[in-house]
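Everything below concerns the one structure shown next.
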Amino acid sequence: QNQNTKLRSAGTAMADAHHRWDDPRMRTTTAGMYTRVEIDSAPAMKRRRAEDQAAAEAREARNKDRKILVQFKDEKGATTGPPLELPHDVTPKQLLTLLNKLLKNDDEATPYTFFVNEHEVVKELSMVVDTAGVSTEGVLPVVYQPQAVFKVRPISQCSGTIPGHADNIVELYFSPDGKRLATGSGDCTVRFWDIWTQTPKFTCKGHTHWVQCIAWAPDGNTLVSGGRDNEIRVWDPTTGQQRGKTLTGHRQWISWISWEPLHASKTPDSRRFASASQDATVKIWDYKSPGNRHVMSFGGHSKGVTCVKWGGEGLVYTAGKDREIHVWRVVDGTLCRTLRGHAHWVNNLALNTDYVMRTGPYNERGEVAFKDGDLREVARRRYEEVKGDGCERLASGSEDNTLYLWHGATDKKPIAPRLTGHQKGVIYVSFSPDGRTLASSSFDKSVKLWNGSTGAFEGTCRGHVGKVYRHTWAPDGRLLVSASEDSTMKLWRIRDQHLLVDLPGHAGSVFACDWAPNGATVASGGADKQLKLWRQ
């Protein structure tokens, strides 16, 4: 009996084997004493495709009559209009039309972006709902944020290469109206350039060591430079001549200069600015005052001061190699509070109102934004629009690879836990012109984007193969250019961190770049000693 069972089992196995060998999906190839068997997976692939198509059709059938109850909300959480029952495939363009009707913006429609649980609606509302995993059983809140009413065209080519400097270009900035350009270099000079004819205009000599930093006054009528010779010089951009005597007092080189915002000035023009130095002090200057132009000094840091920012609420923020950020009241020079948290020295600071304070009264066309009132009042109105109801937000980037967000004017605790993700030191941070997004450049070859209010991580712009030294925002906040050690610049679309254009051309590291406030031109400079201008 056992023998018969074994024979039946063997017969069944042979039949199965014979069936498998007869399977039309199997192909055999004989080479010598070896036989190779291949199985054709085409029927299985067709079956999977059919199943996927059936699932897609079923999903489409379910969504055919699907409705979503939507409630529009602004950034502060206030509701706009009643809840609306909308089709699942409603697009951002249709949402924009509905919202402008609710806000009664019929005559001049304002562009908005829409978010569901911090996910932007790019194509259809249902796609974001599925991605974010949000329930649609109840009312779905859709948050809208206004965008710039103008749109900057992406740069695409180098329109000019201008030689002139004899050493590295360390810093460059456009004037607040975007019509003039200044550079500071290791050849101890400051140069003004004519961006229309793409030729040097003035060469300002006086420094005896590298020009480390430059800064335009918010009214656009003055430029200040600080160097490694421990001196500060004030220049007239219309003549290229130095105004007044050289400002001395620092015992080590100047690391940063920041002007008093025009709306906070007591005079119709810009006169006061703050300078930070490696001698661990910050000094306030009034370059038009007779006699001693030094107004006051802040000496609370125990090591070199790396950055200073003059805020729009009467406060000055300083950061140093002692890992601390100090908040000073300008009226009487009092230290209001000390912000601690970083484990290494702080490289850079940024305010969410930096851009509007830099451009002062000028709009995106390089014109005075409002015709009525003096320049200070115009600058104040623009500042209040960006700042909103709350206080200014401060961002700090450190050599410990992290960032912090602060309400430095009111609290010494950070807004959110430290922002981590970079693998090397954060060298430069800046807010978008509208203050909603924070960008950080790092020696880890990347630029990261964060929510400017909460600190939530939004994405990484990755593509450089060298350290990223600097970045600059387009005036509308939709684009960003980064400059790197790899001798290239790259243009990124902020919405999805997509690399739009690679901009090679420099023959060495690119240390500085700036996007003109009128949106027409990007300038860059670096180790090849050449100034390059980029346009659409």
Side-chain angles (χ1 to χ4, degrees), residues 169-173 182-186 190 207 209-218 222-235 247-261 270 272-285 287 294-312 315-328 330 339 342 345-351 353-355 357-358 392 394-399 408 425-431 440-441 469-472 511-514:
I169 296 178
V170 181
E171 283 276 33
L172 61 83
Y173 286 107
T183 57
S185 169
V190 173
H207 285 286
H209 208 312
W210 278 39
V211 177
Q212 191 67 23
C213 53
I214 60 174
W216 284 90
T222 309
L223 182 94
V224 173
S225 62
R228 285 183 172 265
D229 55 5
N230 310 345
E231 296 179 347
I232 299 171
R233 297 174 184 270
V234 183
W235 307 96
L247 306 181
T248 59
H250 284 297
R251 300 186 305 276
Q252 292 190 39
W253 53 276
I254 315 301
S255 55
W256 205 274
I257 292 174
S258 181
W259 281 86
E260 178 184 28
S270 299
R272 299 199 299 176
F273 59 88
S275 61
S277 170
Q278 291 300 305
D279 64 6
T281 66
V282 173
K283 296 183 182 295
I284 306 294
W285 309 86
Y287 80 93
H294 174 224
V295 178
M296 67 178 68
S297 293
F298 304 143
H301 287 281
S302 59
K303 294 183 179 180
V305 182
T306 55
C307 187
V308 58
K309 291 287 183 179
W310 197 319
L315 300 173
V316 169
Y317 305 87
T318 62
K321 293 184 176 180
D322 57 3
R323 303 174 295 175
E324 295 181 347
I325 302 168
H326 292 178
V327 184
W328 307 86
V330 181
L339 313 180
H342 284 295
W345 67 53
V346 184
N347 286 322
N348 197 237
L349 297 175
L351 289 166
T353 53
D354 271 341
Y355 191 86
M357 290 191 295
R358 169 195 171 180
E392 291 177 321
L394 176 74
S396 58
S398 169
E399 201 68 23
V426 180
I427 193 66
Y428 186 73
V429 295
S430 70
F431 283 90
S440 56
S441 295
Y469 291 116
R470 189 64 62 93
H471 61 260
T472 180
F511 297 132
C513 62
D514 191 32

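Taking both residues in full, the closest heavy atoms of Ala274 and Val282 are given as CB-CG1, 4.3 Å, listed atom of the first, atom of the second, then distance. Taking each heavy atom of Gly312 and Glu392 in turn, the nearest pair found is N-OE2, 2.9 Å. Across all their heavy atoms, Trp235 and Val190 have their closest contact at NE1-CG2, 4.1 Å. Across Ser396 and Ile325, no two heavy atoms sit closer than the pair CB-CD1, 3.5 Å. Minimum heavy-atom separation, Ala319 to Val305: O-CG1, 3.2 Å. Shortest non-hydrogen contact noted between His250 and Asn230 is O-CB, 3.5 Å.
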- Leu394/Val327 under side chain to side chain contact (heavy atoms under 4.5 Å, CB included): CA gap, chis, key distance, verdict: CA-CA 11 Å; Leu394 176 74; Val327 184; 5.7 Å; no
- Stepwise side chain to side chain contact (heavy atoms under 4.5 Å, CB included) check, Val330 with Trp310: CA-CA 9 Å; Val330 181; Trp310 197 319; 3.7 Å; yes
- Given the rule in the side chain to side chain contact (heavy atoms under 4.5 Å, CB included) test, do Trp328 and Met296 qualify, once you have shown the distances and angles that lead to the verdict? CA-CA 12 Å; Trp328 307 86; Met296 67 178 68; over 6 Å; no
- How far apart are the C-alpha atoms of Leu351 and Met357, what are their side-chain angles, what is the distance that settles it, and do they pass the side chain to side chain contact (heavy atoms under 4.5 Å, CB included) test? CA-CA 10 Å; Leu351 289 166; Met357 290 191 295; 3.9 Å; yes
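The closest side-chain heavy-atom distance from Ile232 to Phe273 is below 4.5 Å.
For the pairing with Thr318, the side-chain hydrogen bond (donor to acceptor under 3.5 Å, both in side chains) check across His301, His326, Glu324, Lys309 returns one residue only, His301.
Without hydrogens or angle criteria, Thr222 side chain to Ala217 main chain gives no donor-acceptor distance under 3.5 Å. Under a 3.5 Å cut-off, the side chain of Asp322 and the backbone N or O of Ser302 do form a donor-acceptor pair. Remark: side-chain polar atoms of Glu171 are not paired, donor with acceptor, to backbone N or O of Val211 under 3.5 angstrom. Side-chain N or O atoms of Thr281 include none that pairs as donor or acceptor with a backbone N or O of Phe298 at under 3.5 Å. A donor-acceptor distance shorter than 3.5 angstrom exists from the side chain of Thr306 to the backbone of Val346, with no hydrogens or angles considered. For Asn348 (side chain) and Ile427 (main-chain N/O), no donor-acceptor pair under 3.5 Å exists by modelled atom type. Side-chain atoms of Trp253 never come within 3.5 Å of backbone atoms of Gln212 as a donor-acceptor pair (strictly under, hydrogens ignored). Distance alone, capped at 3.5 Å, is enough to place a donor-acceptor pair between the Ser255 side chain and the Ala276 backbone.
Atom CG of Asp514 is separated from atom OG1 of Thr183 by 12.0 Å, given to the nearest 0.5 angstrom. Going from atom CG of Leu349 over to atom OG of Ser398 covers 10.5 Å, rounded to the nearest 0.5 Å. Here CD1 of Ile169 is found 12.0 Å from SG of Cys513. Values are rounded to the nearest 0.5 Å. In this structure, Ile257 CD1 and Ser275 OG are separated by 6.5 Å, a value rounded to the nearest 0.5 Å. To the nearest 0.5 Å, the span separating CD on Glu399 from CG on Asn347 amounts to 4.5 Å. Between the NZ atom in Lys303 and the CD atom in Gln278 there is a gap of 11.5 Å [rounded to 0.5 Å].
Residue-environment remark: CZ (Arg358) exceeds the threshold of 12 foreign heavy atoms within 6.0 Å.
Ring planes of Phe511 and Tyr469: perpendicular class, angle over 60° (limits at 30 and 60°). Between Tyr287 and Trp259, the ring planes lie perpendicular to each other; the angle is over 60°, past the 30° to 60° tilted range. A perpendicular orientation is assigned to the rings of His471 and Tyr428, their planes being inclined by more than 60° (bins at 30° and 60°).
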